[in-house]
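For reference, the structure discussed in these notes is given below.
Every chain is numbered from 1, with letters handed out A, B, ... down the list of sequences. Note that the structure is a prediction, hence the values are computed from the model and not measured.
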Protein chains: 2
Amino acid sequence: MRTNTRYTEAIQILCYIAIKQSNLPTSDKIAKSINTNAVVVRRIFKMLKDAELINIKRGYGGCSLKKETNEITLLDVYKAVETAENRQIFKFHEGLSASCVIGSKIEEILKEPFQEAQIALEEKLNNVTLENVIFNIEKQIIS
Amino acid sequence: MRTNTRYTEAIQILCYIAIKQSNLPTSDKIAKSINTNAVVVRRIFKMLKDAELINIKRGYGGCSLKKETNEITLLDVYKAVETAENRQIFKFHEGLSASCVIGSKIEEILKEPFQEAQIALEEKLNNVTLENVIFNIEKQIIS
DNA sequence: ACTCTATGTAACATATATAGTTACAATAGG
DNA sequence: CCTATTGTAACTATATATGTTACATAGAGT
């Protein structure tokens, strides 16, 4: 399990903005809603803004989606907040290849299946849009 | 990226045992080979043993594979060393569902696509056996 | 122009997981 | 019994993420 919760928080932030519980979503309101601190939200804001998923205004405040909910997939959000290089899921030990014939080859050999696995995972994330998620939220709220 | 390197180390340990660079592989020899500490190797030993992938003897020492290399997949190894509950890749913020209508639903809604993505990833890992990896190592060594 | 409000960001504290290390008891082969 | 190795506890170090305070900066409305 990843040690960070940014991804799920980012999804929730986007849902909050899309559903517009408040007509002026601010980092403070969102923070209260997702049970964290406003600065944490702003840090995620920055990542989502850099990924061109949201617009943010200073001063009067308020943020909005930069795309339609059906144009934002869970993969887009993942790409926005995942900091690991190339979003690699598995990590190699430093100096692995230094002292051993096996070690010197294994990283290169494992790269291919690891890459394939990552692509398979990301394709699934790409199949789900923010619209899908919000539809399910609203369905649950109504029922 | 995961913050741990146990998985790739475990794969390397198994390769080392299979190829039997030494006719008596010990935690100390393997540790030197993968550039880490013997206790780190023993901790991974324990996980591989609990998963019934290797046999370990005290005293005289030495360990061996409990299955053929074509019966051990990268998924088996992953299952052996991944400590996160159900090997969930994505983590939810604590108390996420406490204070918000969206938050109270979102965890449940995201579980399904996350689960699908995880399965897709694991299926790819399940397609590669230790035999495949070792074949590639030996191919590289020869050429 | 002034004021208010919210963002942007630095700085520091805290929490957690991992990895490295030392030490030593327990165990099994010879 | 001796020796080598595992099993494991205990501690340290490190990295990453998160929580928090503080304050400069910017933009909307008056």
Just to verify, what does B:E122 make a side chain to side chain donor-acceptor pair (under 3.5 Å) with, not counting sequence neighbours? B:R87, B:Q118
Phosphate-side-chain proximity, B:T26 and D:dT5, N/O vs OP1/OP2 below 4.0 Å: no
Give a yes or no answer on whether the side chain of A:T5 reaches the backbone of B:K91 with a donor-acceptor pair at less than 3.5 Å. no
Under the side chain to side chain contact (heavy atoms under 4.5 Å, CB included) test, residues paired with B:N70 that sit two or more places apart: B:E68, B:E131
Any side chain to side chain donor-acceptor pair (under 3.5 Å) pairs touching residues 71-81 of chain A, not counting sequence neighbours? A:R2-A:Y78, A:T73-A:D76, A:T73-A:N126
What N/O pairs connect the protein and nucleotides 18-21 of chain C at under 3.5 Å? Give each pair on its own line.
{"residue": "C:dA19", "atom": "OP1", "partner": "B:T5", "partner atom": "N", "Å": "2.3"}
{"residue": "C:dA19", "atom": "OP1", "partner": "B:T5", "partner atom": "OG1", "Å": "2.5"}
{"residue": "C:dG20", "atom": "OP1", "partner": "A:H93", "partner atom": "NE2", "Å": "3.1"}
{"residue": "C:dG20", "atom": "OP2", "partner": "B:T36", "partner atom": "OG1", "Å": "2.6"}
{"residue": "C:dG20", "atom": "N7", "partner": "B:R43", "partner atom": "NH2", "Å": "2.9"}

Qualifying residues under salt bridge (charged side-chain N to carboxylate O under 4.0 Å, His left out), relative to A:K67, sequence neighbours excluded: none
Please identify each residue that fulfils side chain to side chain contact (heavy atoms under 4.5 Å, CB included) with B:K139, with sequence neighbours left out. B:F135, B:N136
If you restrict it to nitrogen or oxygen atoms, what contacts under 3.5 Å exist between nucleotides 26-30 of chain D and the protein, and what is each distance?
{"residue": "D:dA26", "atom": "O4'", "partner": "A:R58", "partner atom": "NH1", "Å": "2.7"}

Using only side-chain N and O atoms of B:S27, determine if any of them is under 4.0 Å from OP1 or OP2 of D:dT5. no
Distance in angstrom units between A:Y7 OH and D:dT18 P, rounded: 15 Å
Residue set satisfying side chain to side chain donor-acceptor pair (under 3.5 Å) with B:D28, at least two apart, ordered chain then number -> B:K32
Set of side chain to side chain contact (heavy atoms under 4.5 Å, CB included) partners for B:E116, sequence neighbours left out: A:K124, B:E112
Looking at five pairs on each end of the helix from C:dA1-D:dT30 to C:dG30-D:dC1, what is the angle between the two axes, given to 10 degrees? 30°
With sequence neighbours excluded, what pairs up with B:E123 under the side chain to side chain contact (heavy atoms under 4.5 Å, CB included) test? B:I119
Which residues share a side chain to side chain donor-acceptor pair (under 3.5 Å) with B:N132, sequence neighbours left out: B:T129
Would you tell me if any nitrogen or oxygen in the side chain of A:K49 comes within less than 4.0 Å of OP1 or OP2 on C:dG8? yes
